Amino acid sequence: MKQNILLLCILTILASCSKDKTTPATDPNEKGVVVLEFDNRAGTDDLILNNQPYRNAAGEQLTISKFAYYVSNFRLITASGQVYTLPQDSSYFLISEDNKTSAFHTLYNVPAGDYTQVKFMIGIDSARNTMDISKRPGVLDPAEGAADMYWSWNSGYIFAKLEGSSPASTDAQKLFRYHIGLYGGGFNNGPRTLNNTREITLTIPNNGKAIVRRDRKAQIHFFADALKMLNGTTNVSIAANPNVMVTPFSEKIADNYTQMFNIDHVHNE
Amino acid sequence: MRHRYWWGSGMLLPLLTTFIITACSKKNTEPTPEPAKNIAFVKPAGFPEPVYRLADNPVTTDGFALGKVLFYDGLLSRDGTISCASCHIQANAFTHHGHDVSHGIDDRLGTRNSPPIQNMAWSTSFFWDGGVHDLDLQPIAPIENPVEMDDKLNNVIGKLQRNTRYQQLFEKAFGSPGINSTRMLKALSQFMVMLVSADSRYDRYIAGKETFSEEEKKGLALFEQRCATCHKPPLFTDNSFRNNGVAPRPFGTDSGRYKITLLDEDMYKFKVPSLRNVALSAPYMHDGRFGSLESVMNHYDGGFYPTATLDPAFKNGFSFSEPDKKALIAFLKTLSDKGFITNERFAPPPGFVQGD
């Protein structure tokens, strides 16, 4: 299997090299396809729910039963700084480890270009959080995709969810639950409150490019490391904080999840 | 026939009269318009512009009818026993009279007193802590609260989608087949925004159609002086959050607005409730601790528990004499709106059983 993948990679690289030379992006109306793939990880390893033990930076053993998050407001940026912003209405993705199809999101009608960076938001912006319910279909509908990612009592989306169990947990059932949301308040002239949305910009490694042309498809392969919700500027101890939801501490986990993503590689087909 | 309860005696008579009148005049005049059976939201004189975006969800006869059926249907709860109306009873201005905190499913107890549902179109936030900012999103909270209806919105939508009666009601209300969360929530909002209370004895007194006793007049004057900043007419709330000094409980203290904003200055603050129909909606305060208006008056007579966020109005002494309390209570009783609590339009459908 590994050999096949390697072979495929080499072929892809060769193919992309040859195509690079033949088709520079010159037609301003040329459009192509980009696929975003979100691959959930635990440190250096593939994330396996429920059964596989992991260890956090605080040294606590844990298993993960749920890992889900929203990413939104995508922008693709070329080396020369040209920015393509996804249409806002179709710019919200919910990735959940227990739903494999949620890992892939195909973007159509992306202007041709050689993109080197991707900018996006972890979470859901305040405007969408307070928008009329009719403007929140699909993954944003509390009766559909958002059924497990929405606080009804404090209306707003849960941006990232990490649940599991750990012998270190001080919870009665040895569980831990990290539900991180809060978009900053401010509705109806109310006060500004904690804002756990985070914007990040990722660069395709090794001077790679996502090459978007009429006749090809670029697939950007992201890694999302679930353990980074716990490890980072604050190493979260499950013993000390087995449950974090609407509390000031949620900000620490939000700061951690800014480091959760990276682009591992790009396939140019 | 599905709407039979609509045409209760309150509606039938005027409608019949309209029919007769139009029938009589028909012979001599232009073709007459359909009898006015349509429901529409009307802003009462002297009220501000509604906050709710009525233009995005105009109230229609069939939308309101659907909202009412939903409001009175236990299908919205996990085991079919709890409807919105279980804790929001018309006779008590749509609150749960006699319960400090409401009984939900399996008789589980909540932690807060269920507030009246009235004049929702002017409310800038919902619940004692203001955690919900849009009336359309409000019903999700009790549906999903484990001590209230304990279901999930997606499950409730599924139950509605499988129900042929609802399939018809939704199609009628929205002009095309289909049941989804937006439609369900918009229909409930249409019912709730129509629950307008603006015809109490106070309103008629202000309009010059009613007289007050000397005691009621004294109470009104006192109210305007001492209470109206927060309980601002005509809504009798300024929609703000304040700590009015109700003593924290030794166990399980409710931090109120703080739970939502996580701002220290919001600790122990709760939404200023409207005082319309206050005499009908006992008990009082966020946890329903006071069973009578007399107790409420005694609270506002120097009964404030000092915490850092206590409202400035109460920090340097605030009290009432016994005669003042009596006059204030006499005035508060003029805020009861008999037409509102007996309006057939809002009344339970036939066969609806009100639990305790």
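Numbers restart at 1 for each chain; the letters A, B, ... are given by sequence-line order, proteins then strands. What you see is a predicted model; the values in this text were computed from it and never measured.
- Here the closest non-hydrogen pair linking B:Pro50 and B:Lys43 is CD-CD, 3.9 Å.
- For chain A, the option among B:Asp134, B:Asp56, B:Leu137 with the highest count of heavy-atom pairs below 4.5 Å is B:Leu137.
- For the options B:Asp136, B:Asn154, B:Leu185, heavy-atom pairs under 4.5 Å to chain A are most numerous at B:Asn154.
- Residue B:Lys232 qualifies as open at atom NZ: its count of foreign heavy atoms under 6.0 Å is 12 or below.
- At least one cation-pi condition fails for B:Arg183 and B:Phe170: the charged atom is not both under 6.0 angstrom from the six-membered ring centre and inside a 45 degree cone around its axis.
- For the side chain to side chain contact (heavy atoms under 4.5 Å, CB included) with A:Tyr257, the lone residue among A:Phe159, A:Tyr178, A:Tyr69 that qualifies is A:Phe159.
- For the set A:Thr247, A:Asn154, A:Val246, A:Thr193, the entry with the most heavy-atom pairs within less than 4.5 Å of chain B is A:Asn154.
- When heavy atoms are compared at a cutoff of 4.5 Å, A:Arg192 approaches chain B solely by way of its backbone atoms N, CA, C and O.
- No other option in B:Asn57, B:Leu262, B:Asp129, B:Ile157 has as many heavy-atom pairs under 4.5 Å with chain A as B:Leu262.
- Looking at B:Ile260, both its backbone and its side chain come within 4.5 Å of chain A, counting heavy atoms on both sides.
- A:Asp132 places no side-chain N or O within 3.5 Å of a backbone atom of A:Lys135 that could act as its donor or acceptor partner.
- In this structure, chain B has heavy atoms under 4.5 Å from both the backbone and the side chain of A:Thr130.
- Using a 4.5 Å cut-off between heavy atoms, B:Phe241 does not touch chain A at all.
- In this structure, a donor-acceptor pair under 3.5 Å is present between the side chains of A:His221 and A:Asp39.
- Ion pairing of B:Asp311 with B:Lys269 is absent here, as no side-chain N (NZ or NE/NH1/NH2) approaches a carboxylate O to less than 4.0 Å.
- With a 4.5 Å cut-off on non-hydrogen atoms, A:Asp141 touches chain B through its side chain but not through its backbone.
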